[in-house]
Amino acid sequence: MTGAQIILECLKKEGVSVVFGYPGATIAPFYDALTGDDRVKHVLVRQEQNAGHAASGYSRASGKVGVCCTTSGPGATNLITALATAYMDSIPMVALTGQVRSDLLGRDVFQEADTTGACEPFTKHSYLVKDTQELPTIMKEAFHIASTGRPGPVLIDLPQDTLEREYEGDFIYPDKVDIIGYKPRTQGHPLQMKRAIEAIANAERPVICAGGGVVSAKARKELIHFAEKLNIPVVSTLMGVGMMPTEHPLYMGMLGTHGVYAANYAIHHADLIIICGARVGDRAMAKAGQIAQKAQIIHIDIDPAEIGKNMTAHIPIVGDIGIVLKKLVDGSEEAEHKDWVDFLTQKKEEHTPVFTSRDGYVDPRNFMRTLSEIVSKRSKAILVADVGENQIWSANNFAFRGGRFLTSGGLGTMGYSLGAALGAKLAKPERQVIAVCGDGSFQMMMCELATLVQHNIPVKVVIMENNRLGMVRELQDKLYGGRYSGIMLDGSPDFVTLASAYGISAEMIDDDKDVPNAIDRMLSSENPYVLVCHVAADIPSRQED
């Protein structure tokens, strides 16, 4: 067996059934190995960055490690943005990149790049494999590192001769991993757990802040049980949206710069904040220091480096969120915070805006509310939002009733949605998967419409079209006196005609009255579908502007 065949066998041992990629000369031995086995499907994307985004979407929807592969040089450097996106949002991925032959490393030969060096800040770990005999051990370690502790992307850089060389001896895939210095803590320190239970018992206005770590830990049920037993209101960061059903009586919404009034009010008036798997960055809590002066902070995270990074943690707990929350539930008595919950519920009702229709336009916020109502009757949908105004409209107005919300929260990568959506759809073919994007972000990855067609992936694509980079326009309005620079998207194609050129059904709507029927037509299609919504230029991302 060659090194390339060894890698394929390792992937099968890990239960990998799909790989997203784009071939080239140095990775060609691996592609040759793929031709001999139909148990691992290869999905050809149209640009390497989208191979990484597709692996990310597949991972997030399936709960497994996503896999992508590219060739050396520009193939690998194109992948860097996707690796950084996954790294910031803690998505488990393994990226296989081709590399020039070992004897040519460092000579600046054709399509050589220092891939491991370039990706060092954006990967949880990386390997440059010069010995074919090490491949089984390295593959086992890579999947273990990617999926344990705080998940993240792992890079395996593969010189062409490593792939071509014959493996000596019988192939044996390791059944366990023992990496010196890598022993993630999961249980939570007993003393800190005791302090947390006491703080929760004494709190009058507690709040749970759910972040992306709840998603990574697959701790949705534990979070809901914890909140319900102790009757504690819940807010979420952008990455935590969907972990609590939107219509749950304890859920107050997304907090932060683009969040809702009730969630921000809860955080600023709480006497105890229980942060679950969130780094509380500037978009979530702009004045984290002031909040920590008024409230006691319990910070739970699997990654000790995140605890206290942006906000003082009075009670730090390093551990798996699901395990820690279960222990906190078991150690706590049922509690009543009825006055506090009722007060916040009233704030939520008072500050839930009603959006009026405008002639010639679709209101994107009303659209998302209608979409969530209709799609929930069909399946637990996976909504993949891109970055920009569309992301915030989606997060604040789509009611999640057991579905999932995927987006680029940490890096804020425009062009994320379509690649991630096609990966998510392959992971969960029984669910409706909808990509929502602006006309700016769509044009960063519209080439992947061809991937949807080639592999018959029936993703539904919603484009919010306002002919400008809307979030940047808002920034220029607020900070630069309305002096607009570099935001107009003049020259954009007719997206309905463009979709038709790919053989994809599409339509454009410009009236709220047309929304329900258009959504029905889109969701009823068994093929990819593009729905373009003509949106007014001045509709803000903030919920109450």
Side-chain angles (χ1 to χ4, degrees), residues 60 62-64 90-92 144 147-152 183-203 205-237 239-246 248-252 266 270-280 295-308 313-337 340-341 380 400 402-405:
R60 296 172 76 169
S62 68
K64 301 177 181 178
S90 305
I91 310 302
H144 177 72
S147 59
T148 56
R150 178 180 179 172
K183 300 289 187 291
R185 292 172 57 185
T186 60
Q187 300 298 314
H189 194 283
L191 178 59
Q192 299 295 63
M193 300 288 289
K194 180 180 178 181
R195 293 180 62 206
I197 291 170
E198 292 174 353
I200 293 168
N202 294 327
R205 300 182 307 280
V207 173
I208 299 167
C209 175
V214 179
V215 184
S216 299
K218 302 179 181 67
R220 184 174 184 270
K221 291 182 180 179
E222 288 82 357
L223 173 75
I224 295 173
H225 182 45
F226 177 60
E228 289 177 343
K229 178 178 179 180
L230 300 175
N231 200 36
I232 300 177
V234 178
V235 302
S236 73
T237 65
M239 292 300 295
V241 169
M243 284 299 95
M244 194 85 169
T246 303
H248 193 289
L250 289 174
Y251 183 63
M252 299 302 153
D271 61 1
L272 176 69
I273 301 173
I274 307 164
I275 301 172
C276 300
R279 68 171 63 93
V280 291
Q296 196 168 17
I297 310 297
I298 300 172
H299 197 164
I300 308 167
D301 205 290
I302 192 74
D303 184 358
E306 291 299 331
I307 294 179
H314 303 107
I315 305 176
I317 302 177
V318 178
D320 179 277
I321 291 167
I323 294 173
V324 171
L325 289 181
K326 187 177 186 305
K327 288 184 176 182
L328 292 178
V329 166
D330 292 343
S332 301
E333 299 293 332
E334 289 190 8
E336 281 291 336
H337 303 100
W340 174 233
V341 172
K380 294 180 179 179
F400 291 90
R404 287 289 307 278
F405 180 60

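One finds the CD1 atom of Ile323 at 13.0 Å from the CD1 atom of Ile317 (value rounded to the nearest 0.5 Å). In this structure, CZ on Arg404 lies 5.0 Å from CE on Met243, to the nearest 0.5 angstrom.
A search for side-chain contact (heavy atoms from CB on, under 4.5 Å) contacts involving Ala203 returns Pro206, Asp271, Leu272, not counting sequence neighbours. Under the salt bridge (charged side-chain N to carboxylate O under 4.0 Å, His left out) criterion, Arg205 pairs with no residue at all, not counting sequence neighbours. Here His337 pairs with nothing under the ring pair (Phe, Tyr, Trp, His ring centres under 6.0 Å) rule; sequence neighbours left out. Looking at residues two or more places apart in sequence or on another chain, you find a ring pair (Phe, Tyr, Trp, His ring centres under 6.0 Å) between Phe405 and Phe400. Shown here are the side chain to side chain donor-acceptor pair (under 3.5 Å) partners of Thr148, two or more places apart in sequence or in another chain: Tyr182. Partners of Arg60 according to the salt bridge (charged side-chain N to carboxylate O under 4.0 Å, His left out) rule, which considers only residues two or more places apart in sequence or in another chain, do not exist here. With sequence neighbours left out, Ser90 forms a side chain to side chain donor-acceptor pair (under 3.5 Å) with Arg150. Here Ala217 pairs with Ala219, Asp320, Ile321 under the side-chain contact (heavy atoms from CB on, under 4.5 Å) rule; sequence neighbours left out. Looking at residues two or more places apart in sequence or on another chain, you find no side chain to side chain donor-acceptor pair (under 3.5 Å) involving Glu222. Scanning for side-chain contact (heavy atoms from CB on, under 4.5 Å) contacts around Pro245 gives Arg220, Ile224, His248, with sequence neighbours left out.
Applying the side-chain hydrogen bond (donor to acceptor under 3.5 Å, both in side chains) rule to pairs touching residues 183-197 yields Asp178-Lys183, Gln187-Lys327, Gln192-Arg195, sequence neighbours excluded.
Within a 6.0 Å radius of NZ in Lys380, no more than 12 heavy atoms belonging to other residues, nucleotides or ligands are found.
Closest approach of Val341 to Pro249, counting heavy atoms only: CG1-O, 4.5 Å. The heavy-atom pair separating Ala266 from Val207 by the smallest distance is O-CG2, 3.7 Å. Between Ser236 and Val241, the shortest heavy-atom contact is OG-CG2, 3.6 Å. In plain terms, the two heavy atoms of Ala313 and Ile307 that are nearest each other are CB-CG2, 3.8 Å. The nearest pair of heavy atoms linking Gly211 to Ala278 is CA-CB, 3.9 Å. When every heavy atom of Cys276 is checked against every heavy atom of Val214, the shortest pair comes out as O-CG2, 3.6 Å.
Looking only at side-chain heavy atoms (C-beta outward), Leu250 and Ile232 stay at 4.5 Å or farther from each other. For the pair Glu198 and Met193, the minimum side-chain heavy-atom distance is 4.5 Å or more. Side-chain atoms of Met239 and Val215, non-hydrogen and from C-beta on, never get closer than 4.5 Å to each other.
Without hydrogens or angle criteria, His314 side chain to Ile297 main chain gives a donor-acceptor distance under 3.5 Å.
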Run Leu230 and Ile208 through side-chain contact (heavy atoms from CB on, under 4.5 Å) and show every step you take. CA-CA 11 Å; Leu230 300 175; Ile208 299 167; over 6 Å; no
Using atom types as modelled, flag every donor-acceptor pair under 3.5 Å from a side chain in residues 328-336 to any protein atom, sequence neighbours excluded.
residue, atom, partner, partner atom, Å
Asp330, OD2, Lys326, NZ, 3.3
Ser332, OG, Leu328, O, 2.6

